[in-house]
Amino acid sequence: MTHAILISAQKGSTQSIATLLARKHSSLSMLALLIILALALCACGRSQAALKLPDTEVLVATPIQQDVPVHSEWVATLDGYVNAEIRPQVSGYIIGQEYKEGAFVRKNQVLFEIDPRPFQATLDRAKGELAQAEAQLSKSTIDVERDTPLVAQKAVPKEKLDNEIQARRAAEAAVATGKAAVERAALDLGWTNVTSLVDGIAGIAEVQMGNLVGPTSHLTSVSQVDPIKVYFPVSEQEYLRAKHVSTTGQPMNLFDSSPELILADGTVYPHNGHILLTDRQVDPSTGTIRLVAAFPNPGNILRPGQYGRVRIQTSFKKNALLVPQSAVQELQGGYQVAVVGADKKISIRPIKAGEKIGTLWAIDAGLNPADQVVVEGLGKVKDGTAVVPKAAQLQARER
């Protein structure tokens, strides 16, 4: 009996211990679960805190509003004010080149020498023939002067005097012909020295020593380049507007302006030019008419054949909106700016960019005078970015 009671007590104790252990294990699991949940909540809080970045600071300003000049540009071609092709007047062999290629030469300066010996011989022969004609004229004159009084005395037949008078006239004609031959031979001899026709830059020689040349041979060219001519085509519509004939579009101030020349590398030539003339006709294939401007060229820096752009102030635009060029972003051939809205978020807005005025850029469309435009920090923002705008001061360009 006593043994049974002990066994029963032991069984009860074992069950109690098992119950306690189960309860403890359940408590531990619950505690671990709570710890995991707490850690997850902390991590989520830190993740949300990490996602919430501070707002980006940018400099903003409202556009400057002022009158600005409007310019137009055209592709230009440079050419000599005078281009002289150097060709010989006589045929012969080149025996000398008397100039430095690419150097400045003066009018009447000798450039090439043709062998003069054949022409000297021709001149000497012409002088000899002239001397013979003059001698014959002298004899005929003596005959006429001697026989004229004898004919009056009827001592000499009149027919003889008539023949002598005719002989004298023939001798006079022979003398005139001889003088012309001498003059022509002297000219030919002088033309063996091929000279420059103008002051200018001489080109590369197209013949060599010993070449046989003639009147059809091109020896070189000399171009007067100070001043230098600049050709540029304008459309027929622009021409009519500049002549104040067109009733459409804003009139252009084209002919009374001082054009600027922008060189091929973008450099602005330091000297302004003036319009010389307008071509006689419109090119039917392009619908343009050529204008010619002249630019001073001290030092002969500009040369024929160069390309550039002619830039002319054609009008003024009233109350134009200007922003710094750093505020304008070019994308796929278009332009855009970043504008800060009332909610302090960025709005990327497409614009139509116009004239560049110094460091500023005139905006033709897409902006309002009260817009807050991002002028610094454009690369840090995109559409919808929250920002902290800081005011920047823009200075208007002096006109």
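If you're wondering where the values come from, they're calculated on a predicted model, not measured in any experiment. Just so you know, these numbers use all the heavy atoms, side chains as well, and skip hydrogens, waters and symmetry mates.
Distance OG1/Thr192 to CD/Gln120: 9.0 Å, rounded to 0.5 Å. Here the CD-CG distance, from Gln66 to Leu322, works out to 5.0 Å after rounding to the nearest 0.5 Å. Ser221 contributes atom OG, which lies 13.0 Å from atom CD1 of Ile201 (distance to the nearest 0.5 angstrom). A distance of 13.0 Å separates CG of Asn211 from CD1 of Ile95, quoted to the nearest 0.5 Å. We find the OG1-CD distance between Thr220 and Glu206 to be 6.5 Å, quoted to the nearest 0.5 Å. Rounded to the nearest 0.5 Å, atoms OG (Ser246) and CE (Met252) are 11.0 Å apart.
Annotation: Tyr335 is in aromatic contact with Trp361 [ring centroid separation under 6.0 Å].
Using a distance-only test at 3.5 Å, with no hydrogens or angles considered, a donor-acceptor pair links the side chain of Glu101 to the main chain of Ala205. For the pair Ser326 (side chain) and Val375 (backbone), a donor-acceptor distance under 3.5 Å is present. In this structure a side-chain-to-backbone donor-acceptor pair under 3.5 Å is missing from Asn297 to Pro227. With hydrogens and angles disregarded, a donor-acceptor distance shorter than 3.5 Å links the side chain of Gln306 to the backbone of Arg303. The backbone N or O of Ala370 lies less than 3.5 Å from no partner atom in the side chain of Asn368, so there is not a single donor-acceptor pair. Asp143 places no side-chain N or O within donor-acceptor distance of the main-chain N or O of Glu164, the cut-off being under 3.5 Å. A donor-acceptor pair under 3.5 Å is absent between the side-chain atoms of Thr62 and the main chain of Val373, judged by distance alone. Checking side-chain atoms of Ser223 against main-chain N and O of Val225 turns up no donor-acceptor pair under 3.5 Å. No donor-acceptor distance shorter than 3.5 angstrom exists from the side chain of Asp115 to the backbone of Tyr93, with no hydrogens or angles considered.
Other residues, nucleotides and ligands contribute at most 12 non-hydrogen atoms within 6.0 Å of the NZ atom of Lys344. For CD of Glu376, the number of neighbouring non-hydrogen atoms (other residues, nucleotides, ligands) closer than 6.0 Å is 12 at most. Environment of CZ in Arg146: crowded, with over 12 heavy atoms of neighbouring residues, nucleotides or ligands closer than 6.0 Å. Residue-environment remark: CD (Gln208) stays at or below the threshold of 12 foreign heavy atoms within 6.0 Å. The number of heavy-atom neighbours closer than 6.0 Å to CD of Gln325, taken from other residues, nucleotides and ligands shown, is above 12.
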Problem set entry | side-chain contact (heavy atoms from CB on, under 4.5 Å) assessment of Arg87 paired with His218 | CA-CA 5 Å; Arg87 299 180 185 273; His218 182 253; 3.7 Å; yes
For this session: Just do the side-chain contact (heavy atoms from CB on, under 4.5 Å) check on Val230 and Thr77 with the steps written out, would you?
Result: CA-CA 6 Å; Val230 176; Thr77 305; over 6 Å; no
For this session: Evaluate the side-chain contact (heavy atoms from CB on, under 4.5 Å) criterion for residues Lys229 and Leu78: first the C-alpha distance (whole Å), next the side-chain angles of each, then the deciding distance (0.1 Å), finally the verdict.
Result: CA-CA 6 Å; Lys229 282 183 178 178; Leu78 280 64; over 6 Å; no
For this session: Begin with the C-alpha distance, continue with both residues' side-chain angles, and end with the deciding distance and a verdict on side-chain contact (heavy atoms from CB on, under 4.5 Å) for Leu111 and Ile86.
Result: CA-CA 9 Å; Leu111 305 180; Ile86 306 302; 4.0 Å; yes
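Under the rule for a side chain to side chain contact (heavy atoms under 4.5 Å, CB included), the partners of Asn193 that lie at least two apart in sequence or sit in another chain are Val110, Glu113. Glu134 meets the side chain to side chain contact (heavy atoms under 4.5 Å, CB included) test with Leu130, Val175, Lys179; sequence neighbours excluded. For Glu238, the salt bridge (Lys or Arg N to Asp or Glu O under 4.0 Å) criterion is met by no residue, not counting sequence neighbours.
No side-chain heavy atom of Pro233 sits less than 4.5 Å from a side-chain heavy atom of Thr286. Put simply, the side chain of Ile114 reaches to within 4.5 Å of the side chain of Pro88, judged on heavy atoms. The side-chain heavy atoms of Leu291 and Leu254, taken from C-beta on, include a pair separated by under 4.5 Å. For the pair Tyr81/Asp226, no side-chain contact is recorded, criterion being any heavy-atom separation below 4.5 Å from C-beta on.
A salt bridge is absent between Asp343 and Lys345; no separation between the charged side-chain nitrogens and carboxylate oxygens falls under 4.0 Å. A salt bridge between Lys107 and Asp199 is absent, with no side-chain N of the basic residue lying under 4.0 Å from a carboxylate O of the acidic one. With salt bridges taken as basic N to acidic carboxylate O contacts below 4.0 Å, none links Asp283 and Arg290.
In terms of hydrophobic clustering, with Ile, Leu, Val, Met, Phe, Trp and Tyr side chains grouped at heavy-atom distances under 4.5 Å, Leu137 and Leu161 are assigned to different clusters. One hydrophobic cluster, built from ILVMFWY side chains closer than 4.5 Å, cannot hold both Ile262 and Tyr269; they sit in different ones. Residues Leu212 and Met209 do not share a hydrophobic cluster, clusters being chains of Ile/Leu/Val/Met/Phe/Trp/Tyr side chains in contact below 4.5 Å.
Smallest separation of non-hydrogen atoms from Val310 and Ala76: CG2-CB, 3.6 Å. Taking every heavy atom of both residues into account, Pro259 and Ile275 meet most closely at CG-CD1, 4.2 Å. Closest non-hydrogen pair, Ser196 versus Val105, comes out as OG-CG2, 3.8 Å. The two residues Phe295 and Ala293 come nearest to each other via the heavy atoms CE1-CB, 3.9 Å. Closest approach of Gly287 and Val282 over heavy atoms only: C-CG1, 3.8 Å.
Of the candidates Leu302, Asp79, Ile301, Leu302 is the only one forming a side chain to side chain contact (heavy atoms under 4.5 Å, CB included) with Ile228.
Both tests hold for Lys243 against Phe255: distance to the six-membered ring centre under 6.0 Å, angle to the ring axis within 45°.
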